[in-house]
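Note sheet for the following structure.
Numbered from 1 within each chain, the chains take letters A, B, ... in sequence-line order.
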Number of protein chains: 2
Amino acid sequence: MQTHFTIDCVIFSFDEGQLKILLAERNEYPYKDWWALPGYFVNKYEEMEDAVARILLEMTGLKDIYMDQLAAFAGVKRHPEGRILTVAYMALVQMEEVKNKIAPTSSYMRQLKWFSIDELPDLAFDHREIIQLSLERLKKSVTYSTAPYELLPTKFTLTQLQQVYEAILNKKLDKRNFRKKINNLGYLKELNEFQKGVSYRAAKLYSFDKKKFLKQFSQD
Amino acid sequence: MQTHFTIDCVIFSFDEGQLKILLAERNEYPYKDWWALPGYFVNKYEEMEDAVARILLEMTGLKDIYMDQLAAFAGVKRHPEGRILTVAYMALVQMEEVKNKIAPTSSYMRQLKWFSIDELPDLAFDHREIIQLSLERLKKSVTYSTAPYELLPTKFTLTQLQQVYEAILNKKLDKRNFRKKINNLGYLKELNEFQKGVSYRAAKLYSFDKKKFLKQFSQD
DNA sequence: ATATAATGTGTATTTCTTACACTATTAAAT
DNA sequence: ATTTAATAGTGTAAGAAATACACATTATAT
């Protein structure tokens, strides 16, 4: 009637035109030496969301990360020593902000590494299934959540935004149609700034107006 | 590092043109005499889904009920005696099938009663929040899940179907536009049967072709 | 000056969404 | 037999959104 209680995080970022997930190499049985989602036990007097924030801070060095609960996984056979219930969360970070952090190690985790979502290794426990669910959730929410903008820097080009959409939806989009749609969203701000450091025509930068976004979706 | 583990069910049905939820009157502290979602502890060696099925059978007398996990609720302060993690599920039943069951009672539950969703009593714990979430989930999924058909008898009229949509979406729909859309779904079967026992023109009956439905949604 | 690599733009077609009102059918009441 | 009451069932036009599709523009590097 009691169960162990952990949280696991599917931490996404966007880099080199691809969605990536941060995985940890386990240094503990079961599944020693396997790759797994970062996660850990929730403390007795700790709120679940605080535990997620704690893990995210430990893994990425960042606070106030976008997070969204996916589901609870509680299979009796998930762990050989009896039920360990895990609540899976999805988190989104900007690669720029985490790239230069020193990956922490610990007794139970040998290293952290970003994997492209189409080059994932074999995974411990039911973590493959959790990732599958997170990808579906991300796909469904792409047009009515802030997800794409959580994955991009605050100033981004429309091409970058399109690439994020394409990575999440896992299909190519038409450039002109995409821009037409984007223009009608009403919560993107065209800046008077341009991309720098590229050896070709610099693209205009845009920013995301979260207030306007929230206003739109609160009316429905 | 361990927690109590329960499941709670938001059991919906459709009756008298309204969505209804089955609630239990508690006979135990805390929240003695309050109304609450039906739920109970998950046994040590019992799969979570089996526990849900067990509760649903107990409350409705039915097996093989549609169920869908909503989310985990794990607030430290949910229960005065310490964390009780609950995984909330949404279930959908046909009122006809449960109407004549004898509502069970037990030491911890005084009675069961169906409440219309806009006449809910005060609720124990965070159950109001759980119901809120279930309503939003139901709304989002109405067009791409089998939800409307789980709430209706196997043979139903288009007016009944429209009423279910209206109850879920909480708004009136135009009859002609609704029927036009429904006609294009491709997974409804027009039967050569008519409503009986009404004192006005009898409406044609339709049935839901789950196979066709699944085929359509597996291609996306 | 030229080559390169990506940016940025318009139109025609089709599909979907919305708004809107009357006739048809059945049972019950007279 | 006729009338009444209640719901079933039906089409069209206008507007909005989605789709398919190709080329001139601009900044940098050589």
Review point. Is B:T157 touching bases, backbone alone, or none of the nucleic acid, heavy atoms closer than 4.0 Å?
Key: nothing
Revision key, fill the gap. In whole angstroms, the gap separating C1' of C:dC16 from NZ of B:K181 amounts to 9 Å
**Study point:** A:D174 CG to C:dT9 C1', straight-line distance once rounded to whole Å
**Key:** 12 Å
Point to revise | Greater than 12 external heavy atoms within 6.0 Å of B:D64's CG | key: no
Practice item. Using a 4.0 Å heavy-atom cut-off across all strands, classify B:N184 as base, sugar-phosphate, or nothing. Key: nothing
Practice item. Tell whether B:K180 reaches the base of C:dT18 with its side chain through a donor-acceptor pair below 3.5 angstrom. Key: yes
Review point. Along DNA chain D, 5' to 3', what are the outermost nucleotides having an atom less than 4.0 Å from a heavy atom of chain A?
Key: D:dT19 to D:dA29
Study note, to complete from the structure: When rounded to whole Å, the CG to C1' distance for the pair B:L173 and C:dC20 reads 15 Å
Point to revise | Whole angstrom value for the distance that separates P of C:dT17 from CZ of B:R179 | key: 18 Å
**Study point:** Protein-nucleotide distance (A:F194, atom CZ; C:dT7, atom C1'), rounded to Å
**Key:** 10 Å
Exercise for review: List the steps and the verdict of side chain to side chain donor-acceptor pair (under 3.5 Å) for A:T6 and A:T86.
Suggested key: CA-CA 5 Å; A:T6 65; A:T86 198; 2.8 Å; yes
Practice item. For a ring pair (Phe, Tyr, Trp, His ring centres under 6.0 Å) with A:Y165, tell me which candidate from A:F178, A:Y149, A:F156 qualifies. Key: A:F178
Review point. Salt-bridged, A:D126 to A:R78, with N to O below 4.0 Å?
Key: yes
Practice item. Using heavy atoms to find the nearest nucleotide of DNA chain C for A:T159 and A:N177 separately, return the residue whose nucleotide is more 5′. Key: A:T159
Exercise for review: Given side chain to side chain donor-acceptor pair (under 3.5 Å), test A:D15 with A:S13 step by step and report yes or no.
Suggested key: CA-CA 7 Å; A:D15 192 37; A:S13 72; over 6 Å; no
Point to revise | Proximity of B:F125 and B:Y31 rings by center, below 6.0 Å | key: yes
Review point. Can we call the ring centroids of B:Y40 and B:Y108 under 6.0 Å apart?
Key: yes
Check your understanding: For nucleotides 21-30 of chain C, read 5' to 3', which letter fits each nucleotide if B means a protein heavy atom sits under 4.0 Å from the base, S means only the sugar-phosphate is that close, and - means neither?
Key -> B--BBBSS--
Point to revise | B:T157 backbone acceptor or donor facing B:Q160 side chain under 3.5 Å | key: yes
Review point. At what distance, to the nearest 0.5 angstrom, does CD1 of A:I130 lie from CG of A:L123?
Key: 9.5 Å
